[in-house]
Amino acid sequence: MSTTSAAATRKVAAAPMTVAQVPKPGADFEIVEREIPEPSAGHVRIKVKVCGVCHSDVFTKEGTWPGVQYPRVPGHEVVGIIDKLGDSVSGWKNGQRVGVGWHGGQDNTCPSCRRGDFRNCQNLKIPGINYDGGYQQYMIAPVEALVAIPEGLTDAEAAPLLCAGITTYDALRHSGAMPGDLVAVLGIGGLGHLGIQFANKFGYKVAAVGRGSESAGLARKLGASVYIDNKLRNPAEALRKLGGAQVILATAPSSKAMSELFDGLGPNGKLMVIGANSDPLEVTPLQLIGGSRTIQGWAAGTPMDSEDTLRFAELTGVRPMIETYPLEKAGEAYARMMSGKAEFRVVLTM
Ligand SMILES: [Zn+2]
Ligand SMILES: [Zn+2]
C-alpha cells in the first residue's frame with residue numbers, strides 16, 4: 001500500500017495538511033503536518049470531511065494488532081470527497097462523495113477472494129491499521145475500498161454507519177431471524193443503539209438488554225418493545241418468558257454478559273457475536289445441543305454491504321447518535337470514546 005507515514009515530518013514547505021497520528025504503540029496522539037500524498041495507480045485521494053472514532057482504533061493506538069507500522073494515522077469510518085484519481089481508476093470521479101470503512105481492500109488472489117468471499121480475505125487491508133486512515137485532511141484509498149454515499153445522509157451521519165452500522169445491519173440480515181421474531185440486542189452503546197434501530201426496521205420484536213434503568217427510555221425510543229435491565233433480573237429468564245429469542249445480537253464487549261444471556265435463546269436460536277473482546281465465552285455443549293442452538297461471529301462486510309447499509313438507513317430513518325470533535329482534538333475524542341460515556345459515536349470533523 002502506498003502511504004506516506006515514513007515521510008512524516010513536522011514542518012513541510014509545500015501543501016501541508018494536518019494529521020493526527022499515533023507515533024508509537026501506547027503513545028498519545030500527535031497533531032503534525034505532512035505533505036498531501038499523491039494517489040498511485042488503482043488508488044484515489046480523498047479530501048476527508050469527517051472520520052468516526054471506533055473502539056477498534058485501540059488496536060492502532062495501543063499496538064495490539066500484529067504488524068502495524070508507526071507513525072500510523074487511525075480511522076476506518078471515513079467520509080469525504082474524491083480529490084484526485086490515480087492511474088487506471090475507472091467508475092469513480094473527482095468530486096464524488098465516498099466513504100471508506102473497515103474493509104479497506106482485498107488482495108483478489110487468496111482462496112477466499114477466489115471464491116468471491118472478499119469479506120474473509122486472508123490479506124484484508126484495514127484503513128488506519130495497514131495504511132493511514134481518516135484522522136487526517138487527505139487520505140489515499142484503493143478503489144476496492146470505496147463506498148458511494150447516498151444523498152440523504154450527512155457526512156457525520158454516514159461515517160459511523162461504515163463500521164458500527166454495517167456490522168449490526170449485516171449481522172442481523174445474515175442471522176436467519178424473520179420478521180416478527182424475537183431478537184434481543186445486548187448492550188445499548190455505539191453498536192447497540194444502531195442494532196436496536198435496524199432490528200426494529202427489519203420487523204423484529206426487539207428486546208434490548210442493558211445495565212441499569214437509565215437506558216430504558218432511550219431503548220424504547222430507538223425501537224425496542226421490551227427493555228430488560230440485567231442488573232435487576234436474570235436476562236436469560238426474562239427472554240425465555242417472552243418465548244425465547246431467535247437471535248441475540250451481542251454488541252456489548254462482555255463475554256460474561258453474553259454467556260449469561262445464552263439460555264435466553266429459543267430453539268434453533270443463534271448468538272450473533274459482534275462485540276469484540278478476548279475473554280472466552282462460557283457455554284456448555286449441553287446448552288448448544290439442547291435446542292440446536294448456535295454461536296456465530298460477524299465482522300463488518302464489503303463496501304457493497306456498506307452501500308446496502310447506507311441505503312437502508314436513508315430509506316428507513318436509522319441514524320447514529322453522534323458527538324463531534326475537531327481533528328486537532330483527536331486525543332480528547334479518542335479518550336471520550338474509550339470512556340464509554342459518549343452518546344454514542346464520536347466523529348472527528350476536518
Ligand atoms: Zn483475499
Ligand atoms: Zn470500527
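First listed ligand is number 1; within each ligand, the first listed atom is number 1. As a basis for the values below, the full set of heavy atoms in this structure was taken, side chains included, without hydrogen atoms, waters or symmetry mates.
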Exercise. Does a donor on one side chain and an acceptor on the other come within less than 3.5 Å for Glu260 and Asn230?
Worked result: no
For this session: May I ask you to check whether Tyr169 and Asp305 show a side-chain donor-acceptor distance below 3.5 Å?
Result: no
Exercise. Counting N and O atoms only, with roles assigned by atom type, does the side chain of Glu62 sit under 3.5 Å from a partner on the main chain of Phe59, one being a donor and the other an acceptor?
Worked result: no
Exercise. When rounded to the nearest 0.5 angstrom, what is the spacing between CZ in Phe118 and OG in Ser112?
Worked result: 10.0 Å
Exercise. More than 12 heavy atoms of other residues, nucleotides or ligands under 6.0 Å from CD of Gln122: is that the case?
Worked result: yes
For this session: Could you go through the side chain to side chain donor-acceptor pair (under 3.5 Å) check for Asn277 and Ser255 one step at a time?
Result: CA-CA 7 Å; Asn277 76 97; Ser255 298; 3.0 Å; yes
Problem set entry | Metal site the Zn ion (ligand 1), protein N/O/S atoms found under 2.8 Å | 4
Exercise. Hey, do the aromatic rings of Phe312 and Phe202 have their centres closer than 6.0 Å?
Worked result: yes
For this session: Can you sort out the partners of His76 under ring-ring contact (aromatic ring centres under 6.0 Å, His included), two or more places apart, ordered by chain and number?
Result: Trp102
Donor-acceptor contacts under 3.5 Å from residues 186-200 side chains, at least two apart:
{"from": "His193", "atom 1": "ND1", "to": "Gly189", "atom 2": "O", "distance (Å)": "2.9"}
{"from": "His193", "atom 1": "ND1", "to": "Gly190", "atom 2": "O", "distance (Å)": "3.1"}
{"from": "His193", "atom 1": "NE2", "to": "Met321", "atom 2": "N", "distance (Å)": "2.9"}
{"from": "Gln197", "atom 1": "OE1", "to": "Arg319", "atom 2": "N", "distance (Å)": "3.1"}
{"from": "Gln197", "atom 1": "NE2", "to": "His193", "atom 2": "O", "distance (Å)": "3.0"}
{"from": "Gln197", "atom 1": "NE2", "to": "Arg319", "atom 2": "O", "distance (Å)": "2.9"}
{"from": "Asn200", "atom 1": "ND2", "to": "Gly223", "atom 2": "O", "distance (Å)": "3.2"}

Problem set entry | Count, waters excluded, of protein N, O or S atoms under 2.8 Å from the Zn ion (ligand 2) | 3
